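Shown next, in C-alpha cells, is the structure this report addresses.
Everything numeric here is computed off the predicted structure, so don't read it as measured data. Below, chain A is the first sequence line, B the second, and so on; all start at residue 1.
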Protein chains: 2
Amino acid sequence: MLAAERKLRIIELVKHQHVATVADLAKEFQVHEATIRRDLAEIEQEGLLKRTHGGVIVDKGANIEPSFSERVSDQLDQKARIGKEAASLIEDGDHVIIDSGTTTIHIARHLVSRKDITVVTNDINVAAELRDSPGINVIVTGGTLYHSSFMLNGMYTDTLLQSLHVQKAFIGTPAIHPIHGLTHPESQLVPTKQGMIRAAQEIIVVADDTKIGKVSLHTVAPISSIHTFITGSEASESQMKLFRDSGVHLITV
Amino acid sequence: MLAAERKLRIIELVKHQHVATVADLAKEFQVHEATIRRDLAEIEQEGLLKRTHGGVIVDKGANIEPSFSERVSDQLDQKARIGKEAASLIEDGDHVIIDSGTTTIHIARHLVSRKDITVVTNDINVAAELRDSPGINVIVTGGTLYHSSFMLNGMYTDTLLQSLHVQKAFIGTPAIHPIHGLTHPESQLVPTKQGMIRAAQEIIVVADDTKIGKVSLHTVAPISSIHTFITGSEASESQMKLFRDSGVHLITV
DNA sequence: GCAACTTACGTTCAGCTGCTAACAAGGATT
DNA sequence: AATCCTTGTTAGCAGCTGAACGTAAGTTGC
C-alpha cells in the first residue's frame with residue numbers, strides 16, 4: 001500500500017470511529033507504530049485530526065467536515081428556501097424518498113401539513129419531524145446508525161431500498177460538479193445514495209451553492225442521472241449555465 | 001481506552017444523566033478515582049461541566065445541546081432507576097434489542113459511555129440517544145413510523161427482526177399480569193414485540209409499578225416466556241410474590 | 001454551635017507506556 | 001553508483017496512572 005493511500009484511509013477510519021490508538025492503526029495497516037506516528041503528525045499538520053497521548057481523535061475545532069450542529073445553522077436561510085421549493089414538487093398521492101441531510105430536513109418541515117404522501121427516509125431526524133403529521137405515511141429504511149449523525153446506512157438500508165419503487169427521490173450531497181456529477185468523501189455512504197437513486201423514477205438533487213463545483217473522493221452518480229437540481233440564487237450565473245448545458249433542469253430559489 | 005476519549009465520554013455521560021459521582025465514573029471507566037478527578041479538573045477548566053463535592057454536574061451556563069426529545073413523563077425517577085439496573089445487565093460484547101418506550105429510553109441513556117455493544121431498536125429516540133457513542137453499534141429496525149410516537153413497526157420491522165439473533169431483549173409494556181403475562185391495547189404493535197421476543201435468548205421486561213396487574217386486549221407473550229422483570233420498589237409485596245411464584249426473576253430498584 | 005467522624009480532595013512519587021529524535025536499512029529514482 | 005524517500009530500530013525523555021498520605025469539606029451527635 002502507498003503511504004498516501006494509508007494516510008487517506010487513516011483519516012476515513014478515524015472520522016468514522018472518532019478515535020483510534022496508534023497500536024490499533026499499526027496492526028490494521030501492518031506497519032510499525034513509528035510509521036503511524038509520522039503519518040499522524042502530517043495529518044495533524046494538515047488540521048484534519050487531533051493527536052492525543054496514545055492515539056488520535058477527530059478534531060472538533062478545526063474540522064474540514066463541520067460537525068452536525070454546525071452544519072445545521074450554516075446557510076440556514078438558503079436551505080429553508082430550497083426545502084420549500086422541493087416540497088412544492090411533491091404532489092398529493094406521491095411516494096417519495098427523502099435522503100438524510102441538513103438541507104433535506106427542510107423538505108420534511110414543509111410537508112407536515114400535507115396529506116396522502118408516503119415518505120421513505122434513512123434520516124431519523126426527518127422521520128421525527130413528520131411523526132405528528134396524520135397525512136404522511138413515514139417509512140424508515142432501517143440500518144446502522146452512522147456515528148454522530150441521524151443517518152442510517154449499511155446492508156439493511158440497501159436491502160430495503162432494493163424492494164421499493166417511488167416517483168421522486170430528493171438527494172442531498174456535499175459535492176456536485178457539472179462534469180463529475182455527485183461525489184462523496186465517505187465510501188460507506190455511497191451505496192445508500194445509489195440505492196435511493198435506483199429506486200426512484202425522478203432524481204431531484206438539493207444543495208446550497210457552496211456545494212457547487214466541489215469534487216470528493218467517491219463517485220455517487222453521473223450528472224446525467226440527475227433530472228432536477230434545486231439550489232439557492234446565490235449560485236453564480238456561470239455555474240448555473242454549466243448545469244443547464246448538461247441537460248439538468250435547474251431551479252434557483 | 002485513550003485518555004482523550006475517556007474525557008469526551010465523561011462529558012457525554014454527564015450531559016445525558018445530568019449528574020455523576022467520582023466513584024461512579026471511576027467504576028464505569030475502570031480507572032482510579034484520582035484519574036477521574038484529574039479529568040474533571042481539566043473538563044471544568046474548559047468550562048464544559050461544573051464540579052461539586054463528590055462529583056460533577058452539568059454547567060447551567062454552558063450551552064447544552066438539547067435532547068432529541070425531552071419528554072416529560074410520569075414515574076420519571078422510577079423509570080430512570082429501572083433503566084440503570086437494566087443497563088447493568090448488559091455486558092461488553094453483548095448484542096441486545098431495546099424496545100420502544102418511555103422506560104426503555106432510560107436504558108439507552110445509561111449505555112452512552114459503554115463500548116463494544118450492539119443495540120437493535122425500533123425506537124428512533126433510542127437511536128438518537130446513542131448516536132454520539134462511538135462504542136455502541138446502533139441498528140434501527142426500519143419500518144413504518146407509528147403516528148405521534150417514535151416507534152417503528154410493520155412489515156419491514158418484522159422482516160428484519162426475523163433475521164436477527166441477540167442475547168437479550170429489553171421489552172417495555174403497558175400491561176403486565178402474573179397470570180395473563182404481557183398484553184397490549186394496539187393489535188398493530190403486537191407482532192413487533194413478539195418478533196423481538198423470538199429474536200432473543202433472554203427476555204427482560206421493564207415496567208414501572210403502575211403497569212403491574214393490568215390486562216389489555218391482545219396477548220403479546222405468556223408469563224413463562226419472561227426470564228427477568230425489572231420494576232420499581234414501589235411495587236407491593238403481594239404483587240412481587242405473584243411474579244416470583246411464576247418463576248420470573250424479579251428485580252426491584 | 002462545636003467536636004468528632006467520615007468522606008472527598010490535592011499532591012507527590014514511582015512505575016509504566018508512549019513519544020521524540022537520531023540513525024540504519026532497504027528500495028526506487030536519477 | 002549516488003541520492004532520496006520511506007520504514008524500522010533504539011535510547012532517552014515526557015506524560016499518564018495508581019497508590020499513599022496529609023488536608024479540606026461535609027455530616028452526625030451532643
Where is the tightest heavy-atom contact between A/Thr141 and A/Leu160, given as atom of each residue plus distance?
O-CD1, 3.4 Å

Base contacts versus sugar-phosphate-only contacts with protein, heavy atoms under 4.0 Å: please encode nucleotides 24-30 of chain C as B, S and - from 5' to 3'.
-------

Where the side chain of B/His227 meets the backbone of B/Ile203, is there a donor-acceptor pair that is under 3.5 Å apart?
yes

In whole Å, I'd like the distance from the CZ atom of B/Arg37 to the C1' atom of C/dT12.
15 Å

Nearest heavy atoms of B/Ile98 and B/Thr104, plus distance in Å
CG2-CB, 3.8 Å

If you measure from the Lys or Arg side-chain nitrogens to the Asp or Glu carboxylate oxygens, is any gap between A/Lys193 and A/Glu186 under 4.0 Å?
no

Less than 4.0 angstrom from a charged side-chain N to a carboxylate O is my criterion; do A/Glu33 and A/Arg37 meet it?
yes

Is the side chain of B/Arg114 donor-acceptor paired with the backbone N or O of B/Ile90 at a distance under 3.5 Å, no angle test?
yes

Go through the side-chain N and O atoms of B/Asp123 and B/Thr121 and say whether any donor and acceptor fall under 3.5 Å apart.
no

Would you please say whether a donor-acceptor pair under 3.5 Å links the side chains of A/Thr102 and A/Lys79?
yes

Between C/dC9 (P) and B/Glu44 (CD): distance, integer Å
11 Å

Please determine if B/Glu237 and B/Arg244 form a salt bridge, counting it only when a charged side-chain N lies under 4.0 Å from a carboxylate O.
yes

Scan nucleotides 4-22 of chain D nucleotide by nucleotide, 5' to 3', and note B when protein non-hydrogen atoms come under 4.0 Å of the base, S if they reach only the sugar-phosphate, - if neither.
---BBB-----SSBBB---

Give one of base, sugar-phosphate or nothing for B/Thr52, where a contact means two heavy atoms less than 4.0 Å apart.
sugar-phosphate

How large an angle, rounded to 10°, do the end axes of the helix from C/dG1-D/dC30 to C/dT30-D/dA1 enclose when each is built from five base pairs?
40°

Given 3.5 Å as the limit, does a donor-acceptor pair link the side chain of A/Asp99 with the main chain of A/Gly172, or not?
yes

Roughly how many Å is it from NZ in A/Lys50 to P in C/dC19, rounded to a whole number?
14 Å

